[in-house]
Protein chains: 2
Amino acid sequence: MNIQFKKGVLEICVLSVLAYKECYGYELVYEISKQIDISEGTIYPLLRRLKDEGFVTTYLQESVEGPPRKYYRLTESGRKEEHELKEEWMRFTAAVNSLLVGKNHAAE
Amino acid sequence: MNIQFKKGVLEICVLSVLAYKECYGYELVYEISKQIDISEGTIYPLLRRLKDEGFVTTYLQESVEGPPRKYYRLTESGRKEEHELKEEWMRFTAAVNSLLVGKNHAAE
DNA sequence: GTATGTACCTTGTTATGCAAGATACTGTGT
DNA sequence: ACACAGTATCTTGCATAACAAGGTACATAC
């Protein structure tokens with residue numbers, strides 16, 4: 001899988017999954033991995049960034065299966081960001097696709 | 001426009017435009033800019049990379065409007081790359097979109 | 001001769017993802 | 001008691017690609 005494609009996109013994926021349900025980091029890796037390869041070395045720094053920017057809050061919860069889990073919950077600002085990023089993603093892919101099919105050329 | 005989204009994608013855009021017609025660098029900026037913001041500082045290093053990797057060949061042609069133009073032509077390998085990258089892009093966006101609409105969740 | 005448009009290129013900065021590793025808790029097998 | 005696998009967190013150093021800002025040079029118009 002092309003690593004470059006993921007740049008900036010994993011952030012929307014995380015926000016989008018969190019918009020559906022609160023998750024802990026390890027769980028997010030599992031959820032997103034169903035569709036896109038993602039590693040832990042990516043998700044944890046990304047989650048820290050989202051917290052620093054105020055898009056998520058966290059809380060700890062004990063687990064019977066291992067160490068405590070750090071859950072992530074979207075803030076209002078996070079929901080807004082999720083919505084805006086998604087719209088931007090849609091606009092962007094539409095623009096790219098129109099280039100890829102050569103729509104902008106006259107005799108095509 | 002989110003710069004990160006473009007990572008790796010501009011390469012397909014360039015290959016895709018070149019698959020339709022041979023262009024010089026400045027012209028590629030103009031063509032792609034119809035859909036996506038792109039600057040010259042991006043296109044020239046990208047074109048050099050494509051040449052180094054054997055995806056394009058170049059030839060000079062004089063212009064009456066300014067300095068000589070360096071045209072880029074896809075090689076066979078370049079056509080193959082264009083096709084494969086495009087397929088990968090389609091698979092990737094489909095995967096992302098399925099995450100964004102929450103298709104992978106049961107009760108949704 | 002100065003400005004504008006065309007056309008090429010390079011350097012340094014920035015952002016993000018990843019591999020590889022470290023840490024630590026729980027349960028299972030020997 | 002000990003090792004191992006699974007769960008769960010985090011950090012460090014590297015690679016990549018886009019961009020801003022600049023430089024060079026040709027042609028034309030004023």
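Here the structure is a predicted model, which is why all the values come from computation and not from measurement.
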State which residue, out of A/E82, A/E88, A/E84, A/H83, fulfils the side-chain hydrogen bond (donor to acceptor under 3.5 Å, both in side chains) condition with A/K86. A/E82
Partner set under salt bridge (Lys or Arg N to Asp or Glu O under 4.0 Å) for B/E22, not counting sequence neighbours: B/R73
Please determine whether a side-chain nitrogen or oxygen atom of B/R48 lies at a distance below 4.0 Å from atom OP1 or OP2 of C/dC9. no
Does B/T75 use its side chain to pair, donor to acceptor, with the backbone of B/F55 at less than 3.5 Å? yes
Salt bridge between B/E11 and B/K7, side-chain N to carboxylate O under 4.0 Å? no
Using whole Å, report how far CZ of A/R69 lies from P of D/dT7. 10 Å
Specify the separation, in whole Å, of atom CD of A/Q61 and atom P of D/dT7. 18 Å
Take the protein atom CG of B/N2 and the nucleotide atom C1' of D/dA18, then report the distance between them rounded to whole Å. 11 Å
Figure out the OH/P separation between B/Y24 and C/dG5, and round it to whole Å. 15 Å
Below 4.0 Å: OP1/OP2 of C/dG17 and any side-chain N or O of A/R49: yes
Answer yes or no: does atom OH of B/Y59 have more than 12 heavy-atom neighbours from other residues, nucleotides or ligands under 6.0 Å? yes
When the ring planes of B/F5 and A/F92 are compared, do they come out parallel, tilted or perpendicular, using 30° and 60° as the limits? tilted
Expected string for nucleotides 18-27 of chain C under the B/S/- scheme (protein heavy atoms, under 4.0 Å, primed atoms plus P, OP1, OP2 as sugar-phosphate) is BBB---BBSS
Expressed in angstrom and rounded to an integer, what is the separation of B/E27 atom CD from C/dG5 atom C1'? 16 Å
Evaluation steps, salt bridge (charged side-chain N to carboxylate O under 4.0 Å, His left out), between B/R69 and B/E27: CA-CA 9 Å; B/R69 297 162 171 172; B/E27 186 183 13; over 6 Å; no
Between C1' on C/dT16 and OH on A/Y44, what's the gap in Å once rounded to a whole number? 18 Å
Measure the distance from NZ on B/K70 to C1' on C/dA7 and round it to the nearest whole Å. 11 Å
Spacing of A/L46 atom CG relative to D/dC10 atom P, expressed in whole Å: 12 Å
DNA chain C nearest-nucleotide lookup for B/Y26 and A/K7: closer to the 5′ end is B/Y26
